[in-house]
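Note that ligands are numbered from 1 as they come in the structure, with each ligand's atoms numbered from 1 the same way.
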Amino acid sequence: MNLFGVRSSMAALATFAVLTFTARAMSQATPSAAVAVTAPWMNATLPADQRADLLLAQMSQDEQLQLVLGYLGVNVMGPYGRRPPDYLKTVLPGTAGYVPGIPRLGIPSLIASDAGLGIANGGHLRPGDEATALPSGLATAATWDPEIAQSTGVMLGAEARDRAFNVVLAGAMNLAREPRSGRTFEYAGEDPLLAGVIVGAEVAGIQSQHVLSTVKHFALNDQETGRLRLNANIGVAAARESDLLAFEIAIERGHPGAVMCAYNRYNGTYACENDPLLNGVLKGDWKYPGWVLSDWGAVHSTVEAANGGLDQESASGQDSREFFGAPLRQALADGQVSPARLHDMVHRILRSMFAGGLFDFPAAKRSPDAEAHRAIARRDAEEAIVLLKNNGMLPLSRSLRSIAVIGAHADVGVLSGGGSSQVIPIGHSATDEFPITGSVQILPDGSKIVPGGTEIYDPPSPLAAIRAAAANAVVTFTSGDDAAAAADMARQADVVVVFARQWMSEGRDVPNLELPGDQDALIAAVASANPRTVVVLETGGPVLMPWLDQVGAVLEAWYAGSGGATAIQRVLFGEVNPSGRLPVTFPTAEEQLPHPVISNSIARLAPFDVDYFEGAEVGYRWFQMKNEKPLFPFGYGLSYTTYRIGPSVAVAADASSASVSVINTGTVAGSETVQVYGAAVAPEGPGTRRLIGWAKVPLRPGESKQVTIALDLRPIAAFDEQRHAWKLGGNYLVAVATSSQTIPATATIALPSHELSP
Ligand code: BGC
């Protein structure tokens, strides 16, 4: 349910009942709640904007200034930075950010956790604060299933509430323009429609639990190298047709309470003081009613930031600088920032808090339903796994006599990505085996300090899951550190399952798309000893596969989270028919990318420009434009069954939908993802095909369905910079496809010249 849904269902309740509930809830939240409960802004039947205005009218300027200034939470080595007086009493370890509430008026504190892939707790972990690790954001995008994304959001929101957080810094969704970006695993791939729909659904799920979510990092923080210093240059229309379109779609679907502005500059100006981006696009064209909060340490000015559209400075004082607080008070006194602007900041924060239910449904501590949550994580992982190659050796038979399992710490768990989104999963509290690298400090109270740069493996182990599934087989394991020993083990087994890993982390890009270390040589050695080899990839994003022809099958399992081992085992043994589809192109070589080398990978210290000359032709669109053949295209994925689509496609006269038949021609049940791409056909030829809709269709063996797929035409419209509008008109190709490159049915349509209404 989105914020509007929350509001309208609440409106159905009688005022009296709401106020009674609120009185009880608020009395748990703040000692002075009794004052607030009779206040007019506590009438939950009023619209959020009206409640915000009623409350704002009661606030002194000091109180308004308090609400627009955030503090750093307790992370890594305990509390640091500048802190408000009630800080140690109020803020829990594992908190990323904190804005003190105003008890006099019943305004709750905003207590934020990082939470893209579960409630993050990577810095300072107290016993009992372990969380369910979801698969990576890219994995969830690979499900192509907004319902799954929404269910992960509901789970995330519930675990946030159970820990007493009311804001989560989720919704990470920079486009995978640079697949080596260290945060590719957190994001939702390279396509604006897919990323927008998936992240929008997740945000809606989170907020249904009365926890606010962000979307981030707005905008063009598409690589980690030099993220604080880089200036992303891109044409205005191209940005609207790519990275910004992804945010536009996620915001209209998920209604996030806040948008986090990014570290980098965007077309010459820091994102957190970028008037065209924040006031122009976000609050102007999109009429976004929520608030803009900064990334941690991403503010560089007071007057420019306040007037440029920033509504709240996060983590003030983390590097002993503070731009809102006292400097903002001075700027108001000097007339450089108007009182109306401060009111607007506060109004935006309060209206999101009212709309999200933060006043009416305060979070309180509870034990999470760990088993139910692991099942949600497992389903996400199962639907996300992409079968990249299968010469027929999958699914594995349960009557195998021997299986060799090799590599990637498959005896411990499945890899997760590093940085602020890091989750220490449930199941690790009893054991110290999770840090494979780095050393964990245990404090006297039993809590743990987990240093950054630590590779964390989520239990249970794939080895244990495979042993349980193949009860009659001898299942051996070796680490893969010794390729000759691994090849020997492989030679003696019926089947080999090699796990390979690529660790990614916020703050650093991967140097290239090769599997790190000697893993390529290990796989080649194992496959030449036994060609009945399955490779299971645990990667943050795309990798190169020089050994592809030598192996029998390849599964991309991404970072699979707390349900990952079971999901991998169930796909390997055919209990689950793989249905994931790539949300990102896998290149054959890095030379095929628009930027064969990451910008400024060498000179890291000075400010620098990244020129996104490829404009909106991101990912698969670039490959089409350049006629490059990828290793595996966007949208690709195999199955244990086969499907037939078409042969014809019917497109509605206004192109709002396309209808096509799909049949499962094989012998097992499965889900086909029917994709629709569109391209403008100009006299000089068609433009690049772009995803305009899809449906994931479950089919029993032999079953056929006629599916009607809603189309979003913005990806194939041209953004008109003067009119701030999407323009369509002329001939368009509509291609029904099973990947960006496999197109069983097409139609050509003509549309009159028109602008899409906002
Ligand atoms: C990251 C954000 C994160 C914040 C708080 C920043 O370094 O870029 O994604 O939410 O830290 O931990």
Side-chain angles (χ1 to χ4, degrees), residues 70-81 91-99 110-125 131 136-137 156 160 165-174 181-188 199 202-203 206 211-230 232 247 250 256-266 270-272 291-300 310 312-319 321 417-424 450-453 504-509 540:
Y71 294 84
L72 195 64
V74 183
N75 227 324
V76 196
M77 298 304 285
Y80 60 100
V91 181
L92 311 165
T95 300
Y98 175 67
V99 181
L110 294 171
I111 306 180
S113 174
D114 275 299
L117 319 169
I119 299 303
N121 45 19
H124 183 159
L125 179 74
S136 63
L156 241 168
F165 294 117
N166 56 8
V167 178
V168 290
L169 308 173
M173 57 174 306
N174 295 83
S181 164
R183 300 186 89 167
T184 301
F185 76 93
E186 282 186 59
Y187 301 153
V199 172
E202 185 163 23
V203 167
I206 293 169
V211 171
L212 293 180
S213 176
T214 53
V215 288
K216 66 185 187 182
H217 311 84
F218 195 64
L220 273 294
N221 182 179
D222 291 350
Q223 69 173 48
E224 289 299 279
T225 303
R227 66 178 174 169
L228 305 179
R229 285 176 294 277
L230 78 81
F247 278 99
V259 169
M260 183 190 289
C261 52
Y263 283 124
N264 52 286
R265 290 182 172 88
Y266 167 68
Y270 281 114
C272 291
W291 89 97
V292 176
L293 58 83
S294 69
D295 202 342
W296 271 223
V299 188
H300 297 268
L310 180 70
Q312 189 179 63
E313 178 185 8
S314 310
S316 92
Q318 88 168 359
D319 46 13
R321 297 181 307 171
S420 57
S421 66
Q422 180 76 62
V423 173
I424 307 294
V450 185
M504 279 189 161
S505 174
E506 176 184 338
R508 60 187 94 171
D509 296 326

### Task
Indicate the ring-plane relationship of Tyr71 and Tyr98, choosing parallel, tilted or perpendicular according to the 30° and 60° boundaries.
tilted
### Message
Assess whether a salt bridge exists between Asp222 and Arg227, defined as any Lys/Arg side-chain N lying under 4.0 Å from an Asp/Glu carboxylate O.
### Response
no
### Task
Could you see which bit of Arg183 sits under 4.0 Å from ligand 1, with heavy atoms only: side chain, backbone, both or neither?
side chain
## Note on the structure
ligand 1 to Met260, heavy atom cutoff 4.0 Å, flagged ligand atoms 10 (O)
### Message
I want to know if ligand 1 touches Lys216 in the polar sense, i.e. an N/O pair below 3.5 angstrom.
### Response
yes
### Query
Can you name the side chain to side chain donor-acceptor pair (under 3.5 Å) partners of Gln223, sequence neighbours left out?
none
### Summary
If you compare Asp295, Leu228, Leu72 by their heavy atoms, the one closest to atom 6 (C) of ligand 1 turns out to be Asp295
### Task
Heavy atoms only: give me the nearest Met173-Tyr187 pair and the separation to one decimal.
N-CD2, 3.5 Å
### Summary
Closest non-hydrogen atoms of Leu228 and Tyr270, given as atom of the first, atom of the second and distance, are O-CE2, 4.0 Å
### Task
Provide the number and element of each atom of ligand 1 under 4.0 Å from a heavy atom of Tyr263.
6 (C), 7 (O), 8 (O)
### Query
What do we get for Arg227 next to ligand 1 when only non-hydrogen atoms under 4.0 Å count, side chain, backbone, both or neither?
side chain
